[in-house]
Amino acid sequence: MNQVELVDIVLNELVHTRQPSTSVRRIFIKHKIDFDDELVSEIEALLLSKSLVVEREKDSAGFACYVLTETGQDFLRTFKSYSKFLKGIERESKKVERARKKKPYDANKRANDESPMAYVPPEKSFIEKNGIGLMLLVLFFILFYIVAKITS
């Protein structure tokens with residue numbers, strides 16, 4: 001088993017155990033995992049470096065017992081396991097690399113010595129500017145014509 005799977009086993013056991021604290025060696029013995037002192041110290045160092053566990057006391061064999069910290073509980077609530085955390089970091093680093101490789105968007109395809117011009121909307125024509133006023137003028141002419149015909 002690799003180190004990531006072993007960390008997941010230890011964290012899962014610390015979450016589900018009914019004991020106040022337990023040692024990494026006892027967890028490995030319970031799950032029938034072959035281990036040596038170097039492997040146990042690597043797992044313990046990794047867990048302590050991430051502040052996921054804190055050492056409580058020594059068990060009957062003299063090995064350090066660990067319990068999850070608030071950080072460790074939040075970590076497991078958020079990521080569910082250490083392997084998912086590592087996959088997320090890998091995925092984010094790939095996104096960052098892709099973003100770094102992208103060329104910046106050039107909105108102005110002019111020569112480099114010219115500065116980009118500000119957007120100037122097209123000017124409205126006379127009819128577009130004064131359309132309502134012209135319509136009212138035509139309406140008054142029509143009404144004036146109707147009134148002139150009625151009164152004559």
Side-chain angles (χ1 to χ4, degrees), residues 1-140:
M1 296 185 109
N2 62 11
Q3 190 176 12
V4 175
E5 292 173 348
L6 295 175
V7 170
D8 283 340
I9 289 172
V10 170
L11 288 174
N12 192 25
E13 187 66 29
L14 287 173
V15 168
H16 297 309
T17 186
R18 293 178 184 231
Q19 299 174 358
S21 62
T22 184
S23 69
V24 174
R25 292 174 189 275
R26 289 188 189 257
I27 294 171
F28 287 167
I29 291 169
K30 179 181 177 183
H31 290 277
K32 299 177 182 164
I33 297 171
D34 294 331
F35 64 91
D36 56 354
D37 292 336
E38 182 181 332
L39 179 65
V40 171
S41 63
E42 285 177 8
I43 300 296
E44 289 173 348
L46 182 90
L47 291 171
L48 288 171
S49 69
K50 304 285 186 198
S51 300
L52 301 176
V53 296
V54 66
E55 185 176 340
R56 265 281 175 86
E57 66 240 2
K58 305 277 185 190
D59 63 359
S60 59
F63 300 116
C65 292
Y66 297 96
V67 65
L68 280 175
T69 61
E70 289 294 323
T71 306
Q73 292 171 359
D74 292 341
F75 178 86
L76 289 175
R77 259 187 242 118
T78 304
F79 300 109
K80 306 296 187 228
S81 70
Y82 186 68
S83 58
K84 289 182 181 178
F85 167 72
L86 292 178
K87 286 178 187 176
I89 289 176
E90 182 180 333
R91 194 175 317 121
E92 288 297 318
S93 63
K94 286 180 182 177
K95 285 181 184 178
V96 168
E97 285 301 316
R98 269 189 260 129
R100 284 186 184 154
K101 289 179 183 177
K102 283 186 178 180
K103 294 180 181 176
Y105 176 70
D106 187 16
N108 189 13
K109 302 290 184 193
R110 295 175 179 248
N112 290 337
D113 57 345
E114 295 179 26
S115 63
M117 295 178 56
Y119 174 72
V120 179
E123 191 174 332
K124 293 182 179 180
S125 67
F126 179 78
I127 303 258
E128 290 173 341
K129 286 181 186 176
N130 303 312
I132 295 174
L134 290 173
M135 287 174 48
L136 287 173
L137 182 64
V138 169
L139 179 67
F140 286 132

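The model shown is predicted, which means the values in this text are computed figures rather than measured ones.
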request  = Taking the side chain as every heavy atom from C-beta outward, state whether Leu6 and Asn2 have any pair of such atoms under 4.5 Å apart.
outcome  = no
request  = Output, in order, the C-alpha distance, side-chain angles, deciding distance and verdict of side-chain hydrogen bond (donor to acceptor under 3.5 Å, both in side chains) for Glu57 and Ser21.
outcome  = CA-CA 8 Å; Glu57 66 240 2; Ser21 62; 3.2 Å; yes
ask   = Are the charged groups of Arg25 and Asp36 less than 4.0 angstrom apart, N to O?
value = no
inquiry  = For Ser125, is there any backbone N or O sitting under 3.5 Å from a side-chain donor or acceptor partner on Glu128?
reply    = yes
request  = Locate the shortest heavy-atom distance separating Ile33 from Phe35; write the atom from each residue and the value.
outcome  = O-CD2, 3.2 Å
ask   = Does Gly133 offer a backbone N or O that forms a donor-acceptor pair with the side chain of Asn130 under 3.5 Å?
value = no
note = Of all heavy-atom pairs linking Val54 and Leu48, the shortest is CA-CD2, 4.5 Å
ask   = More than 12 foreign heavy atoms under 6.0 Å from CG of Asp34: is that the case here?
value = no
key: Option from Lys101, Lys102, Arg100, Lys94 for which side-chain contact (heavy atoms from CB on, under 4.5 Å) with Arg98 holds   = Lys94
key: Step-by-step side-chain contact (heavy atoms from CB on, under 4.5 Å) determination, Thr22 to Cys65   = CA-CA 5 Å; Thr22 184; Cys65 292; 5.7 Å; no
query = Within the side chain of Asp8, is there an N or O that forms a donor-acceptor pair under 3.5 Å with the backbone of Ser81?
reply = no
ask   = If we only count heavy atoms from C-beta on, is the Glu13 to His31 side-chain gap below 4.5 Å?
value = yes
query = Hey, what's the ring geometry for Phe85 with Phe75, parallel, tilted or perpendicular (30° and 60° as the breaks)?
reply = perpendicular
ask   = Val53 and Thr69: which non-hydrogen atoms are nearest, and at how many Å?
value = C-CG2, 3.7 Å
side-chain contact (heavy atoms from CB on, under 4.5 Å) partner of Leu76, the single match among Leu68, Leu52, Asn12, Leu14 = Leu68
query = Closest approach of Val24 and Glu44, non-hydrogen atoms and distance?
reply = CG2-CG, 3.7 Å
request  = Can you measure from OH (Tyr66) to CG (Leu11) and round to the nearest 0.5 angstrom?
outcome  = 13.0 Å
key: Closest non-hydrogen atom pair between Lys58 and Gly62, with its separation   = CD-O, 3.6 Å
message = Tell me whether Ile132 at atom CD1 has more than 12 heavy atoms from other residues, nucleotides or ligands lying less than 6.0 Å away.
response = no
message = With heavy-atom distances below 4.5 Å as the criterion, would you say the side chains of Pro121 and Tyr119 are in contact?
response = yes
key: Test item: Tyr82 and Lys50 side chains (from C-beta on) under 4.5 Å apart, heavy atoms   = yes
request  = Might you point out which heavy atoms bring Lys124 and Lys129 nearest each other, and give the distance in Å?
outcome  = O-CE, 3.5 Å
request  = Determine whether Ile43 and Phe28 make a side-chain contact, defined as any pair of heavy atoms from C-beta on separated by less than 4.5 Å.
outcome  = yes
key: Lys80 side-chain N/O to Arg77 backbone N/O, donor-acceptor pair under 3.5 Å   = yes
